[in-house]
Q: 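Submitted below is the structure of interest, expressed as structure tokens.
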Protein chains: 2
Amino acid sequence: MLNMRSAHDDRTARAVIRDRALELFAAQGPDSVTVRQIASAAGVSPGLVIHHFGSKEGLRSAVDEHVAAVFDGLFARAEAGGLDMSDGGSFAETLLENLPPGSSIPGYLRRLLLAGDAAGTTIFRRWFAAGAAATEALVARGLMAPGRDPAVRTAFVMVGDLMLLLLRDQLADVLGVDPLGAEGAARWAEEVLDIYRNGLFGTEGEPS
Amino acid sequence: MLNMRSAHDDRTARAVIRDRALELFAAQGPDSVTVRQIASAAGVSPGLVIHHFGSKEGLRSAVDEHVAAVFDGLFARAEAGGLDMSDGGSFAETLLENLPPGSSIPGYLRRLLLAGDAAGTTIFRRWFAAGAAATEALVARGLMAPGRDPAVRTAFVMVGDLMLLLLRDQLADVLGVDPLGAEGAARWAEEVLDIYRNGLFGTEGEPS
DNA sequence: CAGCATACTAAACACATGTTCAGTCGATGG
DNA sequence: CCATCGACTGAACATGTGTTTAGTATGCTG
């Protein structure tokens with residue numbers, strides 16, 4: 001009843017197809033990727049892709065679920081304190097560190113959010129919940145002020161972080177440095193920390 | 001030599017096709033929109049679409065150029081001070097106010113940026129330049145501190161604003177309020193202003 | 001061993017796609 | 001008025017699409 005290779009798992013052709021599909025979907029957008037391209041990248045026949053996932057749409061949701069599972073795992077680890085998060089509370093950076101270099105998952109997330117896909121919204125919700133939990137913890141320890149509108153405050157901080165993932169290329173273009181690379185991340189973190197500490201209007205918190 | 005109707009312009013079929021294409025592209029993504037859908041939405045034959053734009057790709061770039069022109073116009077007016085920008089310096093809000101309600105341009109911009117399209121990068125650059133100019137003006141008048149890394153600071157502020165456009169739906173989902181609607185915008189602006197004034201760590205700028 | 005289910009392929013199918021083509025209509029200009 | 005040019009259509013075309021089908025090989029189960 002079980003899959004033949006479900007025990008010694010992720011080398012199965014099914015998983016290979018899913019992974020190649022993830023890469024192609026992230027790079028070109030799901031609509032302009034053909035079943036034949038995926039099959040060729042995975043070294044199998046087009047028929048097998050349909051055999052395993054029922055349809056191209058089925059493959060898409062399998063990829064969605066896989067990506068969601070990866071994020072859920074990371075969020076769970078982050079909330080349990082299992083991730084180091086030493087870099088100024090940036091989950092975006094932490095994410096990149098815990099993904100294989102060159103992973104297509106950030107690119108795919110970008111596509112999910114851009115298209116307003118339901119799977120993307122779910123991940124966004126989860127991210128927001130994790131951010132809210134982190135905020136509460138910081139507030140409880142007196143390390144952060146809750147603000148008048150804690151939900152909005154959490155959203156703002158979260159979104160400033162998420163942006164690094166979503167607009168990485170465009171930011172790299174105007175700044176001349178990859179904001180998620182070594183140098184860029186340091187510059188970004190320093191400046192953001194300065195704003196979070198002193199605001200925008202004075203270097204040492206001059207009141208107006 | 002000139003187009004027959006190029007004088008009393010934007011009611012020409014060519015413009016109608018371009019506008020319907022913009023709407024469909026923004027809603028579904030260019031790849032999953034067919035020439036026949038566009039033709040049908042514009043009330044013309046598929047052949048005419050190609051007749052006017054050469055190819056579907058030609059139509060895409062015509063839409064890109066049109067969107068870029070709209071943005072350029074707005075940036076020019078903003079830099080000249082012709083836009084009121086009374087709402088806490090949010091260009092996203094100003095943009096929405098100067099666009100017909102329900103315009104597809106924000107949605108199309110989202111697609112351009114998240115797909116990494118060159119046209120999107122161009123608009124992003126222009127936006128950044130406008131933000132940098134606004135920042136400089138504020139700094140010159142002593143209304144804002146330049147920070148240690150002015151480029152990064154400008155990018156951060158700009159990106160926090162741009163987010164409202166790009167993640168509007170997701171933010172509305174987690175906040176329960178459209179952050180670009182009347183109530184949501186007020187809440188958002190108030191909280192962001194608080195952060196920009198006092199930072200994240202204290203309501204009245206308590207140093208650590 | 002037989003029986004069976006599963007992974008897998010090659011070829012075909014039905015259909016939707018972007019594009020072309022031949023031709024009609026209507027206006028404009030000499 | 002006639003010739004020409006551009007807007008425009010309906011039907012066709014070539015191709016690429018997702019999917020189906022028939023069939024082979026292989027390993028598991030009784």
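Quick caveat: nothing in here was measured; it's all calculated off a predicted structure. All chains are named by letter (A, B, ...) in the order of the sequence lines, taking the proteins before the strands, and each is independently numbered beginning at 1.
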Q: Starting from C1' on D/dG23, measure out to NE2 on A/H51 and report it in whole angstrom.
A: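 These atoms are roughly 14 Å apart.
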Q: Please report the distance, rounded to the nearest Å, between CD1 in A/I50 and P in C/dT6.
A: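 Taking atom P of C/dT6 as the reference, CD1 of A/I50 is at 19 Å.
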Q: Check this for me, if you would: do B/E23 and B/R20 make a salt bridge, where the nitrogen-to-carboxylate-oxygen distance has to be below 4.0 angstrom?
A: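 Yes, this pair counts.
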Q: State, to 0.1 Å, how close B/P146 and B/R153 come at their nearest heavy-atom pair, and which atoms those are.
A: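 Heavy atoms of B/P146 and B/R153 come nearest at O-CD, 3.4 Å.
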Q: Output the rounded distance in Å from CG (A/L48) to P (D/dA22).
A: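 Rounding to the nearest Å, CG of A/L48 and P of D/dA22 are 18 Å apart.
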Q: Within the 4.0 Å heavy-atom criterion, would you say B/T34 contacts the bases, only the backbone, or no part of the nucleic acid?
A: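 Sugar-phosphate, no base atom in range.
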Q: What's the CG-P distance between B/D31 and D/dG16, to the nearest Å?
A: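 Rounded to the whole Å, the gap is 16 Å.
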Q: Tell me: NZ of B/K56 to P of D/dT17, nearest whole Å?
A: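 Rounded to whole Å, this separation is 13 Å.
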Q: Please confirm whether any donor atom in the side chain of A/R36 sits under 3.5 Å from an acceptor in the base of D/dG16, or the reverse.
A: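 Side chain to base: no pair below 3.5 Å.
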Q: Just checking A/V49: base, sugar-phosphate only, or nothing, at a heavy-atom cut-off of under 4.0 Å?
A: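 Here A/V49 touches no strand at all.
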Q: Whole angstroms only, please: what is the CD-C1' distance between B/E57 and C/dT19?
A: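 The distance from CD of B/E57 to C1' of C/dT19 comes to 14 Å, rounded to the nearest Å.
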Q: Parallel under 30°, tilted from 30 to 60°, perpendicular over 60°: which one fits the rings of B/F91 and B/F75?
A: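 Taking B/F75 first and then B/F91, their aromatic rings lie parallel (interplane angle under 30°).
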Q: Measuring to OP1 and OP2 of C/dT6, would you say a side-chain N or O of A/H52 lies under 4.0 angstrom away?
A: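 Result: no.
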Q: Using whole Å, report how far CD of A/Q37 lies from P of D/dT19.
A: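 Taking atom P of D/dT19 as the reference, CD of A/Q37 is at 15 Å.
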Q: Output the rounded distance in Å from CZ (B/R14) to P (D/dC8).
A: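 Interatomic distance, CZ of B/R14 to P of D/dC8: 11 Å.
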Q: Going by the angle between their ring planes, with limits at 30° and 60°, are B/F25 and B/Y108 parallel, tilted or perpendicular?
A: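 Parallel, since the angle between the ring planes stays under 30°.
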Q: When you measure from the side chain of B/P46, which nucleotide among D/dT9, C/dT9, C/dT19 comes out closest?
A: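 Looking only at side-chain atoms, B/P46 lies closest to C/dT19.
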